[in-house]
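See structure below.
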Amino acid sequence: MSTSAHFIIENAKIFTSDPANPHAEALAVKGNRIIYVGDRQGAAKYRSEKTRVIDGQGQTLTPGFIDSHVHLLWGSIWMGNAQLQEVRTKDDLKKILLDFAAKNKTDAWVVGRGIRYGIVSTRHELDEILADRPVYIGAFDGHTGWANTRALELASILHDDGRELVNGIIVRDESGLATGELREGDAMSTVMDLVPKPDAHRKRELLKLAIQEFNKTGITSVHNMNGDMDELMAYAALEDTGEMSLRVYVPYHVKPETTEEMLSEAVEMAKVRMDYVRGGAAKFFMDGVWESYTAFNVDPYADEPDVKVEPIFSLEHFTRMAALCDRMGLQVAVHCCGDGAVRQALDGYEAVQRLNGKRDSRHRVEHIEVCQPADMPRFRELGVIASMQTSHAPFSLEEDMVWTKRTGPQRWPISFPWRDLKNAGAHLALGSDWTVAPFDPLINIYVALNRQKWAPDDPDQRLTLEECIVGYTRDAAYTEFMEHQKGQIKEGYLADLVLFSHDLFALPAEEIRTAHVVMTMVDGRIVFE
Ligand SMILES: [Zn+2]
């Protein structure tokens, strides 16, 4: 007597991410678990009249994708603002903002998200579009915002009142008036804090919408890269009502002003271990981004050598807080775009190991846009995970002039060094950093497979398709201590699966985006098909 499966998927090209058994053609699912992986005949033994049999039609089936870096709740709320990702000119911006303003007449504010750098830089440019309502637009990377005069007046920052910000710069002209450009969190908050927040009902609706969109692209888990108990509870509420279809790992955001006592919130979050929603980590920011001259670098900026950047945490401050987190069993993740920030995070982790002893802590560095060669082997030595998002890399020299200008040709060979870090033995976890970049894994994989060299002598940093899938599944599961539960198609593992429209391995690298997801399963339930 054999057990009856709820699902059998047969005739698929299964890539399991299991190094001991990388390929299979069929599998069986019972409840929320995979109960069989192998050939068609073997799967047939689990078939009964209650079993739904899915024909994979010879296409690729992989473990569900785990995006190791997203901003889920933030992003959902973004979805309720004007979407500026496709804006390329001031005219595009004008059209979208005026259209959005007309459709949202009862909202006092006009807020837009996702704009590239270099399209507007002053309040006057926004005043020309709309002057009688407060306007705020945020850069795609969340590190810079621009406000019109009305918004600056409402925030009482048009005139310099001598206020000091911990983390942020209100850019001012020679006469002391705010230009409209707001760099980093505290500066953006002066204006953003005035924008009415969506109410709980609206938030929940936007969140459900975002989760559905994730499922459509094959994403079954995310690491939400900022958060607190409130945010964790927003996800938990969806799980309670049976409406959750995305596993969410939620760290606690440690800010420079966070005290040691406040870390108890992170400890409380770590106790939440539901099927879909889990705490257990702490997220820091060591620096900002290259584009706005807030990345903490080893050598001066190529285009503004006089700019001097200080890290958000001193080495002593970071080490003290990270050591506390480590002692409480929390995983630490730290945003580092500049090579100076990467180095300081590694120095901090090394100091934490000396203080607390070496344990299986799997601390992580996020982004790593530039990394000094001497620091690359330290990831393996310290057991630190490289969490990287391939779409951040300028695809070609023409595609992103700002980033490549800031860093300059001398740094290009050590920029977005996925290949070099992997070769140096780092665990490479892939993700998108949505809303900074699109979450669709096939878009991010396309960049990883096809990124061009910016100069002929730059090293080739491209990854293989197999490495991309492993980075999005097995290594991402390892990154959240879930490698024995998910990230591989293996008997006993969670039934988080994704079936594609094509045999991905048969597609030329440049055509990978012609494929799409046809079925996503989470916890043994089909959530998209
Ligand atoms: Zn991020």
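Predicted model, so just to flag it, every value in this text is computed and none were measured. In what follows, every heavy atom counts, from backbone to side chain, and hydrogens, waters and symmetry copies are set aside. Note that ligands are numbered from 1 as they come in the structure, with each ligand's atoms numbered from 1 the same way.
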Worked verdict on L246 versus Y276 for side-chain contact (heavy atoms from CB on, under 4.5 Å): CA-CA 7 Å; L246 186 71; Y276 286 87; 5.7 Å; no
Evaluation steps, salt bridge (charged side-chain N to carboxylate O under 4.0 Å, His left out), between K283 and E366: CA-CA 10 Å; K283 165 79 187 292; E366 307 297 314; over 6 Å; no
Side chain to side chain donor-acceptor pair (under 3.5 Å) evaluation trace for H253 with D228: CA-CA 6 Å; H253 183 175; D228 53 22; over 6 Å; no
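Classification of R474 and E483 as a salt-bridged pair fails, no side-chain N sitting under 4.0 Å from a carboxylate O.
Residue E366 does not count as close to the Zn ion (ligand 1), with no N, O or S atom under 2.8 Å. Distances from the Zn ion (ligand 1) show that H367 has no N/O/S atom below 2.8 Å. Taking 2.8 Å as the threshold, H69 counts as a candidate ligand of the Zn ion (ligand 1), since one of its N, O or S atoms lies below it.
The minimum distance between the Zn ion (ligand 1) and any N, O or S atom of D433 involves atom OD1.
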